[in-house]
Novice: 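Quick one: this structure, given as structure tokens, is what I'll be asking you about.
Order of listing sets the numbers, starting from 1, for every ligand and every atom in it.
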Amino acid sequence: MCGIAGYVGPKNAVEVVFEQLKRLEYRGYDSAGIAYLNGGDISVLKKAGKLSELGRLIDERTPVSSLAIGHSRWATHGGPTDLNAHPHFDRYEQVSVIHNGIFENYLELKESLTSQGHVFQSETDTEVAAHVVGEEYSKGVPLEEAVRLAIRRLRGAYALVVVSKREPNKIVAARNASPIILGLAEGEGLLASDIPALLPHTRQIAVLEDDRIAVVTTEGPRILDIDGRECPIEPLTVDWDVEAAEKGGHEHFMHKEIFEQPEVIRQALLGRIDEHNAIRLEQVFSEHVWTEIDRVNIIACGTAFHAGLLGKHMFEKLLRLPTDVFYSSEFRYGDPVLSPKSLAIFISQSGETADSLAALRLCKERRIRTLGIVNVVGSSIARECDRVVYTQAGPEVSVASTKAYVAQVLVLSLLALYVAQVREMPGVRVSQCVDELRKLPDRARAVLEDEASVIRVAEKYLESHLYFYLGRGADAFVALEGALKMKEVAYVATQECPAGEMKHGPLALVQKGVMALFGATDPAIHDKLVSNMREVQARGGTIVAITVDRPTPVRQTADELLLVPDTGFDFLNALLGVIPLQLLAYHVARLKGCEIDQPRNLAKSVTVE
Ligand code: F6R
């Protein structure tokens, strides 16, 4: 999610790497740094804040070097401070390291290294990785071998880049799940986390695969596998322009972010489930707190509010824990009754939403326990809540939230399962659910692969004058999110309600030309849904059902189908069901020629009440 850059060659590497980082600015970051070869040493310049802050440091020192690596950091472990910014040194300042991703076992490693006398300057997992590489390197092996040995001890998702003062013509990179792209150019070695950073230098690239190590020098890169064996390099030619490259080849950030969701799910789970299928969230509150809580109030706005509704569904169903969901903007005016043993959960992508912040301050005044589920590390809500669980979704550029919603629901489900574990709730299949969570990235990918069906539906029903969003159970909450996306990006009027409520009023709107989208991912309630579908069809409406990938009564009734895999858990099925709805809103907006990433009248972070 953060930016990585590296250069070795005849140009001033510091300037090249700084320019590369600028080209990755669109990804979002909160600090930046650079390490460069300085005589026989490695020097590091790093600073919290915008790249211009780092630029000022560089201007003061005017360094010139043949080798440099650079990083723009989006904080995950440790807030956005100068000390936490990358690069980080090992114990002996032999190697300097930058890293994207998360090392899940960094706390265990940190403990063991600390007991051996290692001292750490930062709160980051990256510095721990630097010390692990440094330990291996001090055995006298080449840098690529030290990295190879180190990654055997590190667990997680990463793009790791290392330089050493002992080997001044070499940058070593290792990848597992977080991108590293090598630039192929005569007499120069280049790498970056994303293609735009390479385009001014070369259009010839090679993508580093998972579990591979790249050795980048002026003689061209070498690639090794995890056992140190040489691998072939497969060059690719990039013909995107810079703008297309920033969007990773997608036409809009919204589309890119929808397609990032399998990876976002994986990131949200990282470090939070262990090999025994237990949920690891013990650092949030100690166990007695979870047994004491008698009520949960979830407080959020917009998409985050919709994630909260699914949270309520899970908390009540799995934990029998009374849960209310409030719009932040309304919370204060209802003079809420807050039990002293309750927990207030604030969900926010930006962590800066003024309404949510005001509601949080009210809870703090009333001395209620608060927990944030936040994407932006170090944001106001993250800082002011008693505890925080980060969604780890990476920067979201599109104003319409997609991947942050999925990550929020994932964190809520982890929380519900964790409390079920602590409270030893009978009948909650934590281990089976964790198995399904592990499969969820692939399941989400399978839904995305069927984008063609969504495009067909978008084209066929483009002229519908009203889109109805309906569902029962968990699907009813996801329907609300699907409708919000359609309004936001395609400016289409929508009507949304639980399917069973339709006959109490909204059914009057149904006539020929109305399109009804039914969230129908829970086979247990299909019979009732089929009756609702017939009510719509009898009045001339058309049914698109988002349903599971197996024969059900809904499949025989609906006019169109958008399929999701069946996980066996209603809230996970419903979560997968949001993906076709996001895609539908996106494609309707695209076909109508709307400003997708910056819809009219809306802002990404709403800092006014
Ligand atoms: C919709 C959307 C908004 C936000 C809402 C809360 O796509 O993005 O509804 O969800 O403004 O924002 P955060 O999550 O930043 O508190």
Novice: Give the numbers and elements of all ligand 1 atoms closer than 4.0 Å to a heavy atom of Cys301.
Specialist: 5 (C), 6 (C), 10 (O)
Novice: Is Glu352 touching ligand 1 with its side chain, its backbone, both, or neither, if touching means heavy atoms under 4.0 Å apart?
Specialist: neither
Novice: What do you reckon, does Gln408 have a nitrogen or oxygen under 3.5 Å from a nitrogen or oxygen of ligand 1?
Specialist: no
Novice: Salt bridge or not for Arg456 and Glu560, using N-O below 4.0 Å?
Specialist: yes
Novice: Should you measure from each heavy atom of Glu488, which atoms of ligand 1 turn up under 4.0 Å away?
Specialist: 1 (C), 2 (C), 7 (O)
Novice: Go through ligand 1 atom by atom and flag the ones less than 4.0 Å from a non-hydrogen atom of Gly302.
Specialist: 9 (O)
Novice: What atoms of ligand 1 come closer than 4.0 angstrom to any heavy atom of Lys485?
Specialist: 1 (C), 7 (O)
Novice: May I ask whether Ala400 has any heavy atom positioned less than 4.0 angstrom from an atom of ligand 1?
Specialist: yes
Novice: Pick, from Thr303, Ile373, Val489, the option with the minimum heavy-atom distance to atom 2 (C) of ligand 1.
Specialist: Thr303
Novice: Does the distance from a Lys or Arg side-chain N to an Asp or Glu carboxylate O, for Glu282 and Arg280, drop under 4.0 Å?
Specialist: yes
Novice: Kindly indicate whether a cation-pi arrangement holds for Lys312 with Phe477, taking the cut-offs as under 6.0 Å to the six-membered ring centre and within 45° of the axis.
Specialist: no
Novice: Quick one: look at Val399 and ligand 1, take heavy-atom pairs under 4.0 Å, and tell me if it's side chain, backbone, both or neither.
Specialist: backbone
Novice: For Glu292, does the CD atom sit with more than 12 other heavy atoms under 6.0 Å from it, leaving out its own atoms?
Specialist: yes
Novice: Among Gln582, His250, Arg590, find the one that has a side-chain hydrogen bond (donor to acceptor under 3.5 Å, both in side chains) with His255.
Specialist: His250
Novice: Any chance you could measure Leu360, atom CG, to Thr370, atom OG1, to the nearest 0.5 Å?
Specialist: 5.5 Å
Novice: Before accepting this row, confirm whether a basic side-chain N of the pair Lys50/Glu53 lies closer than 4.0 Å to the acidic partner's carboxylate O.
Specialist: no
Novice: When you measure from atom 13 (P) of ligand 1 to each heavy atom in Thr353, Ile381, Thr402, which option holds the nearest one?
Specialist: Thr353
Novice: Sort out for me which residue in Gln349, Glu396, Glu488, His306 forms a side-chain hydrogen bond (donor to acceptor under 3.5 Å, both in side chains) with Ser401.
Specialist: Glu396
Novice: With respect to Gln349, determine whether any N or O atom, backbone or side chain, lies less than 3.5 Å from an N or O atom of ligand 1.
Specialist: yes
Novice: With a cut-off of 4.0 Å, which atoms of ligand 1 are near a heavy atom of Ala304?
Specialist: 10 (O), 14 (O)
